[in-house]
Each structure stands twice: as C-alpha cells, then as structure tokens.
Amino acid sequence: MSRADLLDLVAYTEWATGRLTEALATVPDPLRRRRDDSAFGSLLGTFAHLVAAEWVWQQRFAGESPPGPPDWVGVAPFDELVRELRDVERARAAWLAALPDDALERPLAYRTFAGVEGHNRIADLLRHVVNHGTYHRGQVAMRIRQLGFSPPSTDYIAWLRLPGRAGR
C-alpha cells in the first residue's frame, strides 16, 4: 500500500469520525450517558474509548508508551472528548507530514498497557487505527439508532463519492 493510500485511509477515518461526532452532538447528554450493556457502559463511554485509543496510538507514534488510557477517558464530558479528538488529529497530521516515505515500512517499538513489547510496521499500525475506529463507529452508530436518532453514513464509498474525490 502506498503512502498516498494510507493517508487516504487516515483522511477517511477522520471524516467518518467527524460525521459521527456531529450526530452524537445531537443526542442529549443524559442519553449519551445512559448506562447500557455495552463493553464501555454507555454511548459516551464507547465514544470515549474510541478517542482514547486514537490518543494512545498517537502517543506511541510520537515515541511514548503510556502505561494506561488517559485520565480523562472515564470522566470527560462530550465537548472535552471532541477537543481531545481534534488535538490528536492535529498531532497526527503534523507527525504524518514530517514522516519520511520510507518510514512507513519501519517497525515502531512500543509497550502495551500490560508492559509487553510490541514491534509493528508503522503502515500496519495506521491500518489498525483506521480499522479500530471503524469498529467502534459502528457500535456508536447502532446505539444512536437504538436511542431513536439517525446516524449518518460513514461508509468509505460515501466518502469516495464526495465532490472533489471523483476518479479515485
């Protein structure tokens, strides 16, 4: 996969998460916080996990291996999570802009929360970040629908069909 293809996937995931974030903003806070039987306890909890995972991977890309999720993950209100997400996206854009083309094939060393060493190619880790986001956006969209709201399409093909993307 080329650098352009990876950057395309990152741009797509940011677009899709942005659309879902806008939809989530229309859900009243008490419904976002309502306890459910999901893995993260609520709609807001699932969104917080998505944002925290993006943060963790950006920390790892920057050479840090946080020992756990950020402190704000379980307590931040929706608006703060959106700010954290935007900060991660800005940091990732700057990191990607400075990353040499050949670096995508290099392994990145990091530690998991359990302290286990990991070594994966940067290109593979970027694919993981995109895939992880897709999985949890699906969970958020399903929960938004269950609460009686309409989540937007975040399909990759919908992104490809945007004006200015023709011919890709």
Side-chain angles (χ1 to χ4, degrees), residues 1-27 31-32 36-62 66 69-70 72-74 76 78 80-97 99 104-105 107-108 110 112-113 118 120-168:
M1 182 176 284
S2 73
R3 178 185 181 91
D5 290 335
L6 278 171
L7 294 178
D8 190 63
L9 284 175
V10 170
Y12 154 71
T13 205
E14 290 180 1
W15 168 83
T17 301
R19 285 182 53 93
L20 203 61
T21 300
E22 290 170 7
L24 197 49
T26 69
V27 177
L31 292 179
R32 286 193 300 250
D36 60 32
D37 62 355
S38 68
F40 303 103
S42 68
L43 178 56
L44 186 65
T46 303
F47 183 68
H49 169 76
L50 187 154
V51 175
E54 297 263 344
W55 179 87
V56 166
W57 281 107
Q58 189 52 46
Q59 293 296 304
R60 290 172 177 166
F61 292 144
W72 47 258
V73 72
F78 177 71
E80 184 178 327
L81 291 172
V82 173
R83 281 191 300 278
E84 293 289 347
L85 178 62
R86 298 301 172 243
D87 288 348
V88 166
E89 291 172 346
R90 280 189 292 277
R92 181 171 47 216
W95 174 75
L96 284 168
L99 193 68
L104 292 171
E105 297 305 315
L108 177 77
Y110 59 92
T112 67
F113 293 163
N120 299 96
R121 291 179 328 135
I122 290 173
D124 292 332
L125 295 173
L126 284 168
R127 283 187 203 96
H128 167 71
V129 169
V130 170
N131 188 60
H132 182 267
T134 299
Y135 178 75
H136 290 299
R137 282 192 307 272
Q139 292 176 322
V140 169
M142 177 189 67
R143 191 73 184 115
I144 288 172
R145 184 172 281 109
Q146 289 173 337
L147 291 171
F149 296 83
S150 296
S153 172
T154 57
D155 285 344
Y156 183 69
I157 194 68
W159 186 70
L160 288 176
R161 291 175 179 154
L162 290 173
R165 299 217 33 95
R168 268 252 344 122

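Quick note: numbers below take in every heavy atom, side chains included, and nothing from hydrogens, waters or symmetry partners. What you see is a predicted model, and the numbers here were worked out from it, not measured in a lab.
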**OP:** Check whether any side-chain heavy atom of F113 sits under 4.5 Å from a side-chain heavy atom of P69, and report yes or no.
**Re:** yes

Original post:
Taking side chain as C-beta onward, heavy atoms only, is T46 less than 4.5 Å from R143?
Top reply: no

**OP:** Work out which heavy atom in W55 is nearest to a heavy atom in P70; give both atom names and the distance.
**Re:** CE3-CD, 3.5 Å

**OP:** Using the ring of F78 (Phe, Tyr or Trp, six-membered ring only), decide whether R32 places NZ or CZ under 6.0 Å from its centre and within 45 degrees of its axis.
**Re:** yes

**OP:** For residues G45 and S42, report the shortest heavy-atom separation together with the two atoms involved.
**Re:** N-OG, 2.9 Å

Subject >> 4.5 Å side-chain heavy-atom contact, V56 and Y110 >> reply: no

Original post:
How long is the gap from CD on E54 to OG1 on T13, to the nearest 0.5 Å?
Top reply: 6.0 Å

Subject >> Closest heavy-atom pair and its distance - W159, A11 >> reply: CZ2-CB, 3.8 Å

Original post:
So, T26 side chain and E22 main chain: donor-acceptor pair closer than 3.5 Å or not?
Top reply: no

Original post:
So do L31 and L43 actually touch side chain to side chain, heavy atoms under 4.5 Å?
Top reply: no

**OP:** Over all heavy atoms of both residues, which pair between R86 and G18 is shortest? Give the atoms and the distance, please.
**Re:** NH2-CA, 4.2 Å

**OP:** Would you give the length of the straight line joining atom CG of L20 to atom OG of S153, rounded to the nearest 0.5 angstrom?
**Re:** 10.5 Å

**OP:** Decide side-chain contact (heavy atoms from CB on, under 4.5 Å) for R165 and D8; before the verdict, give the C-alpha distance in whole Å, the side-chain angles of both, and the deciding distance to 0.1 Å.
**Re:** CA-CA 11 Å; R165 299 217 33 95; D8 190 63; 2.5 Å; yes

**OP:** Measure the OG-CD distance between S38 and Q146 for me, rounded to the nearest 0.5 Å.
**Re:** 9.5 Å

**OP:** Flag the pair R161 and D155 as a salt bridge only when some basic side-chain nitrogen lies within less than 4.0 angstrom of an acidic carboxylate oxygen.
**Re:** no

Subject >> Atom of P151, atom of R145 and distance for their closest heavy-atom approach >> reply: CG-NH2, 3.5 Å

**OP:** Could you tell me the separation between the OG1 atom of T17 and the NE2 atom of H136, rounded to the nearest 0.5 Å?
**Re:** 11.0 Å

**OP:** Of all the heavy-atom pairs spanning A123 and L6, show the shortest one and how long it is.
**Re:** CB-CD1, 3.5 Å

Original post:
Is the closest side-chain heavy-atom distance between L44 and L81 below 4.5 Å?
Top reply: yes

Original post:
Do L9 and Y156 have side-chain heavy atoms sitting under 4.5 Å apart?
Top reply: yes

**OP:** Measure the shortest side-chain to side-chain distance between L125 and V129 over non-hydrogen atoms and say whether it is less than 4.5 angstrom.
**Re:** no

Subject >> Intermediate values then yes/no, side-chain contact (heavy atoms from CB on, under 4.5 Å), R3 and L99 >> reply: CA-CA 10 Å; R3 178 185 181 91; L99 193 68; 4.2 Å; yes

**OP:** May I ask you to decide if T154's main-chain N or O and Y12's side chain share a donor-acceptor pair within less than 3.5 Å?
**Re:** yes

Subject >> Spatial distance of atom CG (L96) from atom CG (L126) [nearest 0.5 Å] >> reply: 6.0 Å

Original post:
Is the F61 ring parallel, tilted or perpendicular to the W95 ring (thresholds 30°, 60°)?
Top reply: parallel

Original post:
Does the ring of W57 carry R60 above it, NZ/CZ under 6.0 angstrom from centre and within 45° of its axis?
Top reply: yes

Original post:
Would you say the side chain of V73 lies within less than 4.5 Å of the side chain of H49, judging by non-hydrogen atoms?
Top reply: no

Original post:
Can L24 and F149 be said to form a side-chain contact (heavy atoms from CB on, under 4.5 Å), step by step?
Top reply: CA-CA 9 Å; L24 197 49; F149 296 83; over 6 Å; no

**OP:** Any chance you could measure R137, atom CZ, to H132, atom NE2, to the nearest 0.5 Å?
**Re:** 11.0 Å

